[in-house]
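Just so you know, these numbers come straight off a predicted model, no measurement behind them. Basis for what follows: all heavy atoms, side chains included, without hydrogens, waters or symmetry-related copies.
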Amino acid sequence: METTLKENKKESHKEFEKLLAEDLGNRKFKEGEITTGTVEEIGKKFVFIDLGLKSSGAIPLEEFKLTKEIDKIEIGSKIEVLLEKIENRNGEIVISREKARRAKAWKKMEVAFEKKQEVKGMIISRVKGGFVVSVDSCLCFLPASQLDLRPLKNFDHLMKVPQTFECVKLDKKRGNIVLSRRSVIERIRDKDKSKIISKLKEGDIVQGVVKNLTDWGVFVDLNGVDSLLHITDISWSRINKPSELLSLGQTIKVKIIKIEPTNQKISVSVKHLTDDPYTKIINKYEIGKKYPATITKVQDYGCFAKLEEGLEGLIHQSELSWTKKNIHPGKILSTSQKVDVILLEKDLEKRRLSLSYKNTLINPWVKFTENHKVGDKLEGTIKNITDYGLFVSIKNTELDGLIHYKDLNWSEKESELEKYKKNQVINFKILEINQNDEKIRLGIKQLEDDPYESAFGNKKVSDVITAIVHSSSQNGIYVNVGKKNLSVFIKKNQLAKEQENQRPSRFVRGDKLDVMLTELDLGKRKISLSIKALEEKLTKEAVKKYGSEDSGASLGEILGPILKGKGKKGK
């Protein structure tokens, strides 16, 4: 029984849904759509509209006053409204005239966007990033960049004035519409531009007005069409900025040198109105000759010098000074300075002249080479101190030389650099002059004789020499050799043949010792001395002379005076 009742209810519910769907499908009016109604009554607060339904719809009077439509409507007038609700909770019809206008305007904007049609609207307010435009009561966004061809400081004359726009973006989900006034202006401009350009051709001489100045060129207005006058086409001579010769609003004559058919860009020139003076005057100048010039511009890489009007050349940084290599050109020459230059090279195709200023001056390297030679003793001032040596300014010359740390002292130690200070006056000897590489090598130690050469120049390995004890340490003793008292270290194991006699402490400062040269390399400054080797040599000689060690006087008695320097000295 219960099952039968449930089945009957389901069938009744399906039947009701079917009938409702048929009823709604047959209805003339649908919610959310625009429909036409008749003005039935104009009250103090509402306008009543008859749609042919069971009751009339009421629209607030304000919706008609905002658009000044209230003056046009009367009883019996046909107007379009948006049917929001056929019946609300109170059983009333809900309609809107304003929403009908907006819905209609949105459809109009959709069509305009798809077909890229222009629409009429009015800028009603300013917002962040742009403006609000009303198109038939449909509010749209106009970015500031799309207002005009160029940024406008004052746009009051465009507010609340009918304008033509193009719909460039439409987002139905978000309800956003983006307009552009600039695209409309560009089309008009391009259309007019094409007409003007069609009347122009390359080689024409026309008048124009300077519209804008930049560091790299000038925009010239040719009767409504912009053209570019590049800085290199303003004058045959070099200029720093276009503003040096031209001013904003100035009327000038220009020659059309190029019209690009694809983008309709026009390039013009002022200098091509006259013949190139370069080709006329360049033949007067010969390579290798000296000419007067005026410095016109100083750059990081050199200086530009004018030989005469319309003819300039570059003095490269390397051609400014014989000695100052890494100095800014502005510290050698200055603008407007009159100098002599020598023409090094001329390139007719590239319109370039290479000039030299230093070649007009005496070459200090040639002068130095003529007046000095290797071995000369000179005086100078320390200019700079580095990890590898001293840079010295040579007195009475413009040149600098290098004293490597190995040429400071015969010890050839880097610590010798600590003895010198900047601006200190020193004496030295010339070791090398390289004019091609512009280098001078100097030395201080060469002012004195080489102590190694003095002490060991005429010696050879196995020779016996006399040394004086200077000091001792745990590992050996230091002795002085030769007239220069060259210090040489004798290792502990070379102090005596017998181990018990190898104590360094048994040697007293000032003692004279005969020692044997066991190693000699003057080039590498490597000297080895040995008492032990001398003892072994003398022992062999004594045994050979006196027989076995047991006969006669003891070897100690014989060798002692010799090793102390009191016996016969070796050569």
Side-chain angles (χ1 to χ4, degrees), residues 317-318 320-328 331-332 358 361-459 461 470-471 478-489 517 519-529:
Q317 186 184 32
S318 59
L320 288 171
S321 172
W322 290 106
T323 57
K324 298 172 183 177
K325 301 298 181 184
N326 298 318
I327 192 171
H328 191 276
K331 293 185 178 181
I332 299 176
K358 74 177 184 181
L361 309 174
I362 297 174
N363 187 344
W365 289 97
V366 174
K367 184 178 179 181
F368 187 85
T369 304
E370 290 174 351
N371 298 332
H372 300 87
K373 63 183 183 300
V374 173
D376 286 355
K377 296 178 181 179
L378 299 174
E379 184 182 287
T381 305
I382 296 175
K383 192 174 183 180
N384 194 19
I385 301 174
T386 68
D387 294 337
Y388 53 87
L390 309 175
F391 283 95
V392 181
S393 177
I394 303 173
K395 187 177 180 181
N396 298 326
T397 71
E398 300 176 36
L399 306 180
D400 296 337
L402 171 65
I403 304 176
H404 197 271
Y405 75 86
K406 289 187 177 181
D407 291 316
L408 293 174
N409 191 286
W410 290 108
S411 66
E412 298 186 354
K413 296 179 180 178
E414 291 184 43
S415 59
E416 290 293 322
L417 288 167
E418 298 174 0
K419 298 179 181 179
Y420 297 91
K421 295 181 180 179
K422 197 173 181 179
N423 298 323
Q424 180 181 346
V425 178
I426 56 174
N427 294 315
F428 43 80
K429 185 180 283 188
I430 300 175
L431 304 182
E432 181 187 1
I433 302 173
N434 189 332
Q435 185 178 338
N436 293 331
D437 295 337
E438 297 184 348
K439 291 180 180 179
I440 301 174
R441 191 164 63 88
L442 309 171
I444 293 178
K445 73 179 185 181
Q446 287 79 7
L447 294 172
E448 300 177 352
D449 293 334
D450 184 353
Y452 284 88
E453 187 68 34
S454 175
F456 304 104
N458 59 348
K459 304 295 181 184
V461 174
H470 180 269
S471 60
Y478 287 92
V479 297
N480 291 333
V481 181
K483 296 179 181 180
K484 298 290 184 179
N485 290 325
L486 181 67
S487 180
V488 181
F489 183 69
L517 269 168
E519 186 178 7
L520 177 62
D521 190 335
L522 294 178
K524 294 182 179 180
R525 295 292 194 263
K526 197 169 184 179
I527 308 294
S528 294
L529 303 176

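- Atom CD in E398 sits 9.0 Å away from atom CD1 in I362 (nearest 0.5 Å).
- To the nearest 0.5 Å, the span separating NZ on K358 from OG1 on T323 amounts to 9.5 Å.
- Atom NZ of K429 is surrounded by more than 12 heavy atoms from other residues, nucleotides or ligands within 6.0 Å.
- F391 and Y388 have perpendicular rings, their planes meeting at more than 60° on a 0 to 90° scale where under 30° would count as parallel.
- Salt bridge K526/E519: present, at least one basic N to carboxylate O contact under 4.0 Å.
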**OP:** For K395 and L378, run side-chain contact (heavy atoms from CB on, under 4.5 Å): C-alpha distance rounded to whole Å, both residues' side-chain angles, the deciding distance at 0.1 Å, then the answer.
**Re:** CA-CA 8 Å; K395 187 177 180 181; L378 299 174; over 6 Å; no
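- If you take CG on L408 and OH on Y420, they are separated by 5.0 Å, rounding to the nearest 0.5 Å.
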**OP:** Assess whether side-chain contact (heavy atoms from CB on, under 4.5 Å) is satisfied between I440 and I394, documenting all intermediate values.
**Re:** CA-CA 10 Å; I440 301 174; I394 303 173; 3.9 Å; yes
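- Between I385 atom CD1 and L417 atom CG the span is 7.5 Å, to the nearest 0.5 Å.
- Remark: side-chain polar atoms of D437 are not paired, donor with acceptor, to backbone N or O of N434 under 3.5 angstrom.
- Looking at heavy atoms from C-beta onward, V392 lies in side-chain contact with I426 at the 4.5 angstrom threshold.
- Note that the CD1 atom of I444 and the CG atom of N427 stand 8.5 Å from one another [nearest 0.5 Å].
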**OP:** Kindly indicate, with the supporting measurements, whether the criterion side-chain contact (heavy atoms from CB on, under 4.5 Å) is fulfilled by L402 and R441.
**Re:** CA-CA 5 Å; L402 171 65; R441 191 164 63 88; 5.8 Å; no
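- Between atom CD of residue Q435 and atom OG1 of residue T369 there is a gap of 4.0 Å, rounded to the nearest 0.5 Å.
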